[in-house]
Amino acid sequence: MNFGYACINLTLQQEFGIYTNRGMIQRTFREKGIQYASELALKNCRDLLQIVRWNESHGVGCFRVSSDVFPWASEYRLTELPDFPEIRATLEAIGRTSVRLSTHPGPFNKLAGEGPTLANTLKDLETHSEVFDLMGLEPSHRNKINIHVGGAYGDKGETLRRFARNYEGLLSQHLKSRLVVENDDKPGLFTVAELLPLHEATGIPITFDYFHHRLHPGDWSEREAFEAAVATWPEGITPVCHFSDSRREHEDPSAKREAHSDWVYTPIQTYGYDVDVVLETKRKELSLMKYREQFLMPHSPIEIG
DNA sequence: GCATGTCAAGTTGTG
DNA sequence: CACAACTTGACATGC
């Protein structure tokens with residue numbers, strides 16, 4: 001079982017200014033164009049390599065790559081960037097590390113959407129997949145591109161059928177091989193149980209998100225939902241789960257119910273299965289290290305299976 | 001340097 | 001009914 005965290009390494013960011021989401025507002029992009037986007041992207045990629053190497057040397061087996069490495073990527077092709085040769089070399093070096101990389105494209109991605117929303121989604125998802133291609137990663141669910149269905153459009157069944165149709169008809173083979181879906185945290189959206197028909201129709205694996213399940217369990221226990229999601233992953237690929245505790249419950253009673261906590265407060269139950277767990281806690285790698293010390297490292301006499 | 005107003009995209013439901 | 005929350009606050013400006 002590997003642990004990971006998302007996008008930012010607070011230690012490297014604070015001590016060395018190493019981070020991967022340099023960007024710009026639209027006006028600046030209009031003024032400075034692709035040249036400046038390329039500069040920022042190269043810096044982001046070089047810093048991503050440093051973060052991934054830090055993970056490797058600290059026993060962190062997986063990591064979520066930010067979706068902001070390439071600013072305004074919807075407006076150009078990666079190969080058009082003036083610094084593309086250096087960028088590609090850096091991405092290749094990242095891909096040669098042992099860290100299991102994944103991404104979580106933003107909530108604007110609506111594969112069951114229509115018109116420009118769907119077009120934007122296709123471009124964004126394909127770009128994520130292309131970055132993994134450039135890293136030299138084999139197209140598989142080992143390196144997942146994880147999204148939500150993210151909208152019910154008043155009819156969950158019809159929405160899933162549209163999602164499946166778009167998945168089958170509009171995505172590249174590499175993207176299809178990487179795409180996974182995650183259970184939602186809102187009653188109007190999709191539980192693990194409600195995503196199963198999509199899996200059955202398409203083979204898309206389901207990422208189990210513990211926190212979302214607690215917010216919107218449907219009528220399934222955590223164990224039922226966890227085991228059902230884990231069973232959707234293909235042979236030979238360790239399933240991935242997402243974990244956070246509740247900010248409202250543990251840190252700030254006035255926080256919104258779906259806000260993530262800074263730290264991990266409760267042990268992560270994996271029911272005896274081998275899964276990788278990506279922490280979505282706000283204190284990033286610090287919360288991972290603390291969790292290890294508190295719950296895993298020195299004195300855990302009982303292995304709960 | 002630091003404070004502050006502003007910043008692409010979609011959808012939902014809380015406060 | 002605005003706006004926060006989702007995946008990660010950070011950019012741009014002016015003092």
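The figures here come from the full heavy-atom set of this structure, side chains too, leaving out hydrogens, waters and symmetry mates.
Within the nucleic acid shown, A/N21 comes within 4.0 Å of at least one base atom, counting heavy atoms only. Among the protein residues, A/H242 comes within range of no part of the nucleic acid, since none of its heavy atoms lies under 4.0 Å from any strand. Residue-level contact check: A/E31 touches neither bases nor backbone, having no heavy atom under 4.0 Å from any strand. Residue contacts for A/G23: at a heavy-atom cut-off of 4.0 Å it reaches the sugar-phosphate backbone alone, with no base atom in range. Note on A/S74: a base of the nucleic acid sits closer than 4.0 angstrom, heavy atoms only. Heavy atoms of A/S67 sit under 4.0 angstrom from at least one base atom. Contacts of A/E114 with the nucleic acid, taken as non-hydrogen atoms under 4.0 Å apart, are absent. When heavy atoms are screened at a 4.0 angstrom cut-off, A/D184 is found touching no nucleic acid atom at all.
Mapping A/F29 and A/D68 onto DNA chain C by nearest heavy atom places A/D68 closer to the 5' end of the strand.
Taking the six-membered ring for Trp and thresholds of 30 and 60 degrees, A/W72 and A/F29 have nearly parallel ring planes, at less than 30 degrees apart.
Under the 4.0 Å criterion applied to side-chain N and carboxylate O atoms, A/R64 and A/E280 are assigned as salt-bridge partners. Looking at A/K110 and A/D124, no side-chain N of the basic residue comes within less than 4.0 Å of a carboxylate O on the acidic one, giving no salt bridge. With salt bridges taken as basic N to acidic carboxylate O contacts below 4.0 Å, one links A/E168 and A/K176. A salt bridge links A/D133 to A/R178: at least one charged side-chain nitrogen sits closer than 4.0 Å to a carboxylate oxygen.
Residue A/P187 places its side chain closer to B/dG13 than to any other of C/dG9, B/dG13, C/dC6. Side chain of A/W72, nearest nucleotide from B/dA8, B/dT12, C/dA4: B/dA8. Set against C/dC6, B/dT14, B/dA8, the side chain of A/R257 has B/dT14 as its closest nucleotide. Here C/dT8 is the nucleotide among C/dT7, C/dA12, C/dT8 with the atom lying nearest to any side-chain atom of A/K284. Set against C/dT8, C/dA12, B/dG10, the side chain of A/T117 has B/dG10 as its closest nucleotide. Taking every side-chain heavy atom of A/F108 into account, B/dG10 is the closest of B/dT12, B/dG10, C/dC6. Picking from C/dA5, C/dT8, B/dT12 the nucleotide with the shortest atom distance to the side chain of A/K282 gives C/dT8.
Using the Watson-Crick or G-U wobble rule with both distances under 3.5 Å, B/dA8 pairs with nothing in any strand shown. A 3.5 Å limit on both hydrogen-bonding distances identifies no Watson-Crick or G-U partner for C/dT7.
Of the side-chain N and O atoms in A/K110, none sit less than 4.0 angstrom from OP1 or OP2 of B/dA9. In this structure, A/Y19 does not reach the C/dT8 phosphate: none of its side-chain N or O atoms is under 4.0 Å from OP1 or OP2.
Here the C1' atom of nucleotide B/dA8 and the CE atom of A/M24 are 12 Å apart, to the nearest Å. Summarising the geometry, the separation between CZ on A/R248 and P on B/dG13 is reported as 15 Å, rounded to the nearest angstrom. One interatomic measurement links the two molecules: CD of A/E285 to P of C/dT8, which rounds to 13 Å at whole-angstrom precision. With rounding to whole Å, A/E280 atom CD is found 9 Å from C/dC6 atom C1'. Protein atom CD1 of A/I8 is 14 Å distant from nucleotide atom P of C/dT7, rounded to whole Å. One can place CZ of A/R22 at 19 Å from P of C/dT8, the figure rounded to the nearest angstrom. One interatomic measurement links the two molecules: CD1 of A/I25 to P of B/dT6, which rounds to 11 Å at whole-angstrom precision. Atom pair A/K123:NZ and B/dA8:P shows a separation of 19 Å (rounding to whole Å applied).
Under the 6.0 Å cut-off for aromatic ring centres, A/H104 and A/H148 qualify, their centroids lying closer than that. When ring centroids are compared, A/Y5 and A/F63 come within the 6.0 Å threshold.
Residue side chain A/T121 does not reach the base of B/dA9 through any donor-acceptor N/O pair under 3.5 Å, judged by distance alone.
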